[in-house]
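Structure, as structure tokens:
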Number of protein chains: 2
Amino acid sequence: MTTTRRRDAAATREAILRAGVEGFTRHGYDGVGVREIAQSAGVTAMLVNRYFGSKEGLFAEVVEASMADRTVLTDDPATLARDVAAALVRRTAPHADGLDPFLLMLRSAPNPRAAEILRAGIEKHVEAHLLDIAPELRGTDRAAMVLSLVAGFWLMRKMIGSTALNGADERTLARTLEQLFTLLMHPG
Amino acid sequence: MTTTRRRDAAATREAILRAGVEGFTRHGYDGVGVREIAQSAGVTAMLVNRYFGSKEGLFAEVVEASMADRTVLTDDPATLARDVAAALVRRTAPHADGLDPFLLMLRSAPNPRAAEILRAGIEKHVEAHLLDIAPELRGTDRAAMVLSLVAGFWLMRKMIGSTALNGADERTLARTLEQLFTLLMHPG
DNA sequence: GTCTATATAGCGATAGAC
DNA sequence: GTCTATCGCTATATAGAC
């Protein structure tokens, strides 16, 4: 056989993609290099371009993969506002350090080309999923407003490290957020 | 005289600082180099380090200068929610391209050292100013929540370029935001 | 007070060997 | 299928001339 010993192409591609999700989410598009991502995947930088064409190509697949699997939003419209508020508070807790799509967005958005890829991914996956669960938001500005609030909360609590948000009681935080989400989702 | 012909030190420092505000706000901390900032100020890159010690030192003064002068928030507590909503919609309009402190924050926050400088500036100036106008928010999580909403709206509308937010009727947008701000500022 | 020139390091992407 | 080596470029920061 002339096939490789240690890895096949599909596994290498997958390893690079996973390392890309981690690298871009933790450091943002401009904050991580292809060398660093390649090293996390156990390969050389050359293979990133080999399999994904360019750093931007890898980023596009990372956004697709990261936003395609749903983790934040539940599927029950009745308790949606409360569930989203609770999940948001839990996942932005001081000691939590998951790989959330909102962190990927916030940390990569300053790069204009990354921002365009992110906009497409957000609208195709996150916003579309929210409209599936809460169809009454369709045609209004309130779905986008929900996403704005979620993103802003992630920003202030985890990226800026707001003293007020990190010192606040989590039940109070969740209650305030629930009121805001309720206003957006059930304005009647 | 042995003094310089074309500029004195104070004017040069001021020119660099103004170019820094523009550069960091438009492109973020990692998105602009000291060469580019120096060129906008009409000097060489060396003088940036001469007057501000380092890129990080310049950024710290830029944050201080940008957040010290108040532009978004009005001073009348009675109409605060409506005024903030109106100003936010107007300043994030598709064709507006001002140098807002929130853009400076959003575009520079991915850099950890910039994020710490921004946190200090936000809490010292923006949050403190909001608490001066609306003292009933003191001791609650709602001042930080107001800032989260403002930042998230800036992000989705101007950086991500949300189709929904940019296509929406501006009066509807302002009304939705006003409801949210009212809930936070006058929860009774 | 401001310049040119440079030190040192990193980036994304590619050529060519095996 | 994966490597080493390298190209061409840019970054921050500094040394030394005038």
Side-chain angles (χ1 to χ4, degrees), chain A residues 1-20 22-24 26-63 107-108 110-117, chain B residues 1-20 23-24 26-63 107-108 110-114 116-117:
Chain A
M1 312 265 211
T2 59
T3 55
T4 159
R5 284 177 289 263
R6 303 182 50 197
R7 284 208 183 88
D8 62 319
T12 297
R13 223 191 108 98
E14 188 63 24
I16 295 171
L17 186 62
R18 277 190 285 105
E22 170 138 358
F24 285 134
R26 286 205 200 288
H27 308 294
Y29 185 83
D30 286 331
V32 69
V34 295
R35 280 174 173 80
E36 188 178 338
I37 292 172
Q39 188 171 18
S40 294
V43 298
T44 63
M46 198 226 97
L47 290 188
V48 174
N49 288 322
R50 179 91 150 93
Y51 285 113
F52 297 92
S54 66
K55 183 185 186 180
E56 192 177 325
L58 172 61
F59 182 75
E61 290 215 29
V62 161
V63 168
R107 295 198 167 121
S108 300
N111 184 292
R113 306 173 89 155
E116 170 54 26
I117 294 168
Chain B
M1 313 263 214
T2 58
T3 55
T4 159
R5 285 175 290 263
R6 305 181 50 197
R7 284 208 183 88
D8 62 319
T12 298
R13 222 192 107 98
E14 187 63 25
I16 294 172
L17 187 62
R18 276 191 287 104
F24 285 133
R26 287 205 198 288
H27 309 293
Y29 186 83
D30 286 331
V32 68
V34 295
R35 278 177 175 78
E36 190 177 338
I37 292 171
Q39 189 171 19
S40 293
V43 298
T44 64
M46 199 226 95
L47 289 189
V48 175
N49 290 320
R50 179 90 151 89
Y51 285 113
F52 297 92
S54 65
K55 183 185 186 182
E56 191 177 325
L58 171 61
F59 182 75
E61 291 215 29
V62 162
V63 168
R107 294 196 167 122
S108 301
N111 184 291
R113 306 172 90 156
E116 169 54 27
I117 295 168

Spatial distance of atom OG (Ser54(A)) from atom CZ (Arg113(A)) [nearest 0.5 Å]: 8.0 Å
Separation of dG12(C) C1' from Arg113(A) CZ (nearest whole Å): 12 Å
Reading 5' to 3' through nucleotides 13-18 of chain D, protein heavy-atom contacts under 4.0 Å coded B for base, S for sugar-phosphate only, - for none: BBB---
Distance test, side-chain N/O of Thr44(A) to OP1/OP2 of dT4(D), below 4.0 Å: no
More than 12 heavy atoms from other groups under 6.0 Å of CD on Glu56(B): yes
Protein-nucleotide distance (Phe52(A), atom CZ; dT2(D), atom P), rounded to Å: 12 Å
d(OH, Tyr29(B); C1', dA11(D)) in whole Å: 12 Å
Glu36(A) CD - dA9(C) P separation (whole Å): 18 Å
side-chain hydrogen bond (donor to acceptor under 3.5 Å, both in side chains) contacts touching residues 10-19 of chain A (sequence neighbours left out): Arg13(A)-Glu61(A)
Intermediate values then yes/no, side-chain contact (heavy atoms from CB on, under 4.5 Å), Phe24(A) and Val63(A): CA-CA 9 Å; Phe24(A) 285 134; Val63(A) 168; over 6 Å; no
Ring geometry between Tyr29(A) and Phe59(A) (parallel below 30°, tilted from 30 to 60°, perpendicular above 60°): perpendicular
Distance, rounded to the nearest Å, where Asn111(A) contributes CG and dC11(C) contributes P: 16 Å
Asp30(B) CG - dC11(C) P separation (whole Å): 12 Å
Nucleotide dT4(D), atom P - distance to CZ of Arg50(A) in whole Å: 16 Å
Tyr51(B) side chain near dG1(C) phosphate (N/O to OP1/OP2, under 4.0 Å): no
Crowding at CZ, Arg26(B) (>12 non-hydrogen neighbours, <6.0 Å): yes
